[in-house]
Protein chains: 2
Amino acid sequence: MSEPKTPDAAAPRGPVKKHARNGKSSATIYDIAKVAGVNPSTVSRALSKPGRVSAKTQKLIEDAAAELNYHVNPFARALPTGRTSTFGLIVADITNPTFFDIIRGAETTATARDYTLVLAESAESAVTELKAARRMMATVDGLILASPRMDDDEIRALARDKPVVVINREVDGVPSVVPDVNKGISEAVRSLAANGHTKVAFVAGPPQSWMSARRWEGVQAACEWSRVDAVRLESTKPTVDGGRQVARDVRASGATAVLTYNDLLAIGLMQELQAAGMVVPDQISIVGFDDIFGADFTTPPLTTVRSPLGECGSVAATLLLGLLHDSGEPASTVRVETELVLRGSSGRLLPAG
Amino acid sequence: MSEPKTPDAAAPRGPVKKHARNGKSSATIYDIAKVAGVNPSTVSRALSKPGRVSAKTQKLIEDAAAELNYHVNPFARALPTGRTSTFGLIVADITNPTFFDIIRGAETTATARDYTLVLAESAESAVTELKAARRMMATVDGLILASPRMDDDEIRALARDKPVVVINREVDGVPSVVPDVNKGISEAVRSLAANGHTKVAFVAGPPQSWMSARRWEGVQAACEWSRVDAVRLESTKPTVDGGRQVARDVRASGATAVLTYNDLLAIGLMQELQAAGMVVPDQISIVGFDDIFGADFTTPPLTTVRSPLGECGSVAATLLLGLLHDSGEPASTVRVETELVLRGSSGRLLPAG
DNA sequence: CTGAAAGCGCTTACAG
DNA sequence: CTGAAAGCGCTTACAG
């Protein structure tokens, strides 16, 4: 008697939900339409673009939606519109604290505007980066590339598909946000020169790093201005470990002050130099870049050229959101200011002996 | 003559793509079907579950797909299946380096298995966290909650909808991965006792923190075993700043050694104590928890009970992936080991004066 | 092994 | 302001 063989009792079509759906699968606009006594298309309008529906109907629908605990299905919404309210952020290295603030800045801005942030990393590899970017392109409305390692052309190709904003690099035709190194660097070099240093080494970052090139240019220019010699040293990788490894070359260079591509290198370099018995800054001054978390934990605390990383992340997100909404913005570069943060790792050279 | 008014010339339906699609919108399985001379459903089979199609047809389809530079539309795929190949990670605080390694561990594992990681933070608020979780639930296949601040019941409710894995907390019925604090803590307390300390303070973390409670229990148990007094102090927030603020209470407590809920607190506490002229570890020993990035930058470098955070992240991702694929796994707790990392911030108490 | 068809849950011209 | 219908690009029982 129970379980009569009505057509309704037929096995449901549709995909089998693996996870227990607790009996009730989630409500759709059809359920709301039924409850509110209107057409599903009206529900869609009321829910997706308020104002196109009479106040009375709007209320009816909203009440029904609340009652049924309705949530849009983002996939169903994305399919016809192509919009996902999601954007991607690809960073060169998730383990590098430089990016933490960028991530946070972007995440905060995204969430505030009801966007979801999807994160991936390139592990400093142009190939991995492009793969990640391609994969993300399918699911996001736009992309932020922090310190990308790809070719300009690859970045422009991505930007042709969907809005792209670049951080820490300038790419012709693609909007970007870059710290303007000049102010910070000239402050740093001037401070070094004032402390009697006449030969400065710059430890470079990855060869593909646009920012590393800019910093080296800035150092050269500032040194020329201050009549200080500048030599360039290469690092194997832009990490604490890379900093340790470059210590040899630094000593061999004869420089009495060194600026490094980033703080990680500076910290590693300082550790290695100190382990070899050198006193910082009495025997050598060290200046990093970025002012990452932990830069002031060292002994002595690290002097560094601060980049406003969190600001970069949130400005990039804001730019992207702008591109997404009031389209047609001209691609442009936003510059954010850098500044010298003078701490204990740089100072006057003490006469030997 | 050109542009005859055939039905084909009618304005296309479908949504208007805002961003230039460069003429050609991306290929679909219908395009492939046409090129390969098969039915779209066969294309779908070949591409989504290889093996269900003859080798010959498979090749035909793959070639066509390559030629057309085909990429699945994840939304179209998600709509009928409900699967998204995405999972969410919610961390208590994006600015807290504790989570960086967790994020990296989870991201690496996710990417290796062709999953995409979506990130959100709760800003240490149970309300924000629940909101983020609810929002994510719509778009992910599963969720990892790192140090969640919600109620057990709220977590179980989420876990009823989709697979959930928790890090740094145990919730009945929900799989989790937690560092087993006992080994690390007893090593720490034993070391302190051996150095002559007889009164130890524990600076607690947020009241909602499950892990803070476990650590306090562990400290009490280990102190009892080693016949050391243990007092508990409260912090306002689990950050460097919170550590500075608790310095007063630490001095007032009369303890000669202190363990803090996390490294951030330890670092802040050490800074403040040193600023007040105290010598670490001669006058007071400090031991943190986690061994975050930068814990060894301090002077003296921080002794800490290391949690394998990266491992937590990747184990959690692996658990989740397991739940997603070979369903029916029993919910269980995976314990990962902690260990004392002995550095300079703890040691023998120097007789005053 | 493969085709033909229905359906996933939305959005949006098109008419009224 | 609102209904009815078509379509977004897939997947998957259902038949052969």
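Residue numbers start from 1 in every chain, and the chains themselves are labelled A, B, ... in the order their sequence lines are given, proteins ahead of strands. Quantities reported herein were computed from a predicted structural model and do not represent experimental measurements.
When the C1' atom is used for both dT12(D) and dG16(D), the distance is 16 Å, rounded to whole Å. dA6(C) and dT2(C): their P atoms are spaced 23 Å apart (whole Å).
For Y70(A), the listed nucleotide lying nearest its side chain is dC10(C); candidates were dC1(D), dG7(C), dC10(C). The side chain of L79(A) has dC8(D) as its nearest neighbour among dC8(D), dG3(D), dC10(C). Considering only the side chain of T42(A), dT2(D) comes nearest among dT2(D), dG9(D), dC10(C).
Taking only side-chain nitrogens and oxygens, S41(B) never comes nearer than 4.0 Å to OP1 or OP2 of dG3(C). For dT11(C), the OP1/OP2 oxygens have no side-chain nitrogen or oxygen of T81(A) closer than 4.0 Å. Residue N39(A) places at least one side-chain N or O under 4.0 Å from the OP1 or OP2 atom of dA4(D).
The minimum heavy-atom distance between P163(B) and D141(B), with the atom names listed, is CD-O, 3.4 Å. Closest of all the heavy-atom pairs between E170(A) and S176(A) is CG-OG, 3.9 Å.
Salt bridge R156(A)/D172(A): absent, no basic N to carboxylate O contact under 4.0 Å.
Here S44(B) lies in heavy-atom contact (under 4.0 Å) with a base. Contact annotation for T28(B): backbone-only contact, meaning every heavy-atom pair under 4.0 Å involves sugar-phosphate atoms and none involves a base. Counting non-hydrogen atoms under 4.0 angstrom, S54(B) reaches the backbone sugars and phosphates but no base. Within 4.0 Å of F75(B), counting heavy atoms only, lies no atom of the nucleic acid at all.
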>> Please evaluate residues L320(A) and I144(A) with respect to the criterion side chain to side chain contact (heavy atoms under 4.5 Å, CB included), reporting the C-alpha separation (whole Å), side-chain torsions for both, the decisive distance (0.1 Å), and the verdict.
In response: CA-CA 8 Å; L320(A) 191 57; I144(A) 298 177; 3.8 Å; yes
>> I'd like to know whether T57(A) forms a side chain to side chain contact (heavy atoms under 4.5 Å, CB included) with T42(A), so could you lay out the CA-CA distance, the side-chain angles of the two residues, the decisive distance to 0.1 Å, and finally the verdict.
In response: CA-CA 9 Å; T57(A) 311; T42(A) 304; 3.9 Å; yes
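Pair check for dA4(C) finds none; no Watson-Crick or G-U wobble contact set falls under 3.5 Å. Using N1 to N3 plus N6-O4 or O6-N4 for Watson-Crick, or N1-O2 and O6-N3 for G-U wobble, each under 3.5 Å, dA13(C) pairs with nothing.
The interatomic distance linking I61(B) (CD1) with dG3(C) (P) rounds to 8 Å, in whole Å. When rounded to the nearest whole Å, the span between CG of L60(B) and C1' of dC1(C) equals 14 Å. For R83(B) and dC8(C), the CZ to P distance is 17 Å, given to the nearest whole Å. Remark: P of dT11(D) and OH of Y30(B) are 10 Å apart, rounded to the nearest angstrom. Residue R77(A) contributes atom CZ, which lies 17 Å from atom C1' of dG7(D) at whole-angstrom precision.
Closest-nucleotide positions on DNA chain D for A76(B) and R45(B) were compared, and the one nearer the 5' end corresponds to A76(B).
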